[in-house]
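Heads up, the thing below is written out as structure tokens.
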Amino acid sequence: MSQRIYFLVHGQVQGVNFRNFTQREASKLSVTGWCRNTENEKVEGEAQGSSDAIKEFLKVIDEGPRHAKVVKLDKEDRGLLDGESQFEVRR
């Protein structure tokens, strides 16, 4: 069963390659969606994939890349989107 979530990552997540890390990990898990930096130094995005893939994706981004320090990960369910084929980094 597929699901889509919105996520918001708090902590030291800008300037540490977090968005590219997120894109790479999403691709490994066949998760589609997007992420971007926010004005208040967080990273937000949406991710869609199988329930197991989303569970693993959230686990991976909760740890983040080596130089990141994630202190909180918020998530909420969203409606599924048709036609999305990849995970992109938005500027």
Side-chain angles (χ1 to χ4, degrees):
M1 183 171 154
S2 291
Q3 74 177 112
R4 186 175 188 87
I5 52 116
Y6 167 82
F7 61 89
L8 182 63
V9 189
H10 305 253
Q12 185 179 341
V13 293
Q14 290 190 11
V16 293
N17 209 28
F18 197 93
R19 292 174 300 160
N20 289 331
F21 169 83
T22 301
Q23 181 184 43
R24 194 169 46 252
E25 295 301 319
S27 295
K28 287 180 191 176
L29 295 165
S30 299
V31 169
T32 61
W34 58 270
C35 68
R36 67 180 171 206
N37 287 339
T38 67
E39 292 180 4
N40 56 357
E41 299 186 4
K42 297 174 180 72
V43 171
E44 69 175 353
E46 293 187 6
Q48 181 169 307
S50 71
S51 296
D52 288 343
I54 294 297
K55 184 177 180 179
E56 183 64 23
F57 174 76
L58 289 170
K59 180 180 167 185
V60 169
I61 66 169
D62 193 32
E63 293 187 19
R66 182 175 53 200
H67 297 294
K69 183 177 181 187
V70 176
V71 296
K72 183 179 176 186
L73 175 61
D74 296 327
K75 75 170 189 82
E76 58 187 57
D77 291 332
R78 294 283 164 97
L80 295 175
L81 286 183
D82 290 330
E84 199 172 56
S85 62
Q86 63 186 10
F87 193 97
E88 66 181 31
V89 173
R90 296 184 179 172
R91 305 271 180 239

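Bear in mind the structure is a predicted one, so any value in this text is a computation, not a measurement.
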Nearest non-hydrogen partners of [X] and [Y], listed with the distance:
{"X": "Ala53", "Y": "Val31", "result": "CB-CG2, 3.9 Å"}
{"X": "Asp62", "Y": "Val70", "result": "O-CB, 3.2 Å"}
{"X": "Gln12", "Y": "Val16", "result": "O-CG2, 3.7 Å"}

Evaluate the side-chain proximity of [Y] to [X]: yes if any heavy-atom separation is below 4.5 Å, no if none is.
{"X": "Val60", "Y": "Glu56", "result": "yes"}
{"X": "Arg90", "Y": "Glu44", "result": "no"}
{"X": "Val43", "Y": "Ile61", "result": "no"}
{"X": "His67", "Y": "Asn17", "result": "no"}
{"X": "Arg19", "Y": "Thr22", "result": "no"}

Sidechain-backbone polar pair: Gln48 side chain, Leu81 backbone, donor-acceptor under 3.5 Å: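 Looks like yes, one N/O pair under 3.5 Å.
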Gln14 side chain vs Lys42 backbone, donor-acceptor pair below 3.5 Å: yes
In one Ile/Leu/Val/Met/Phe/Trp/Tyr side-chain cluster, 4.5 Å: Ile5, Leu73: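 Hydrophobic grouping puts Ile5 with Leu73.
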Verify same cluster id: Val89, Phe21 (apolar side-chain graph, 4.5 Å):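 They do not share one cluster, since no chain of ILVMFWY contacts under 4.5 Å joins Val89 to Phe21.
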Ring geometry between Phe7 and Phe87 (parallel below 30°, tilted from 30 to 60°, perpendicular above 60°):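 If you compare the ring of Phe87 with that of Phe7, the planes turn out parallel.
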Test log, rule side-chain contact (heavy atoms from CB on, under 4.5 Å), inputs Asn37 and Phe18: CA-CA 9 Å; Asn37 287 339; Phe18 197 93; over 6 Å; no
Full working for side-chain contact (heavy atoms from CB on, under 4.5 Å) between Asp74 and Tyr6: CA-CA 8 Å; Asp74 296 327; Tyr6 167 82; over 6 Å; no
Distance-only donor-acceptor check, side chains Asn40 and Thr38, under 3.5 Å: yes
Partner of Thr32 under side chain to side chain donor-acceptor pair (under 3.5 Å), chosen from Glu84, Gln86, Glu88: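 Of the listed residues Glu84, Gln86, Glu88, the side chain to side chain donor-acceptor pair (under 3.5 Å) partner of Thr32 is Glu84.
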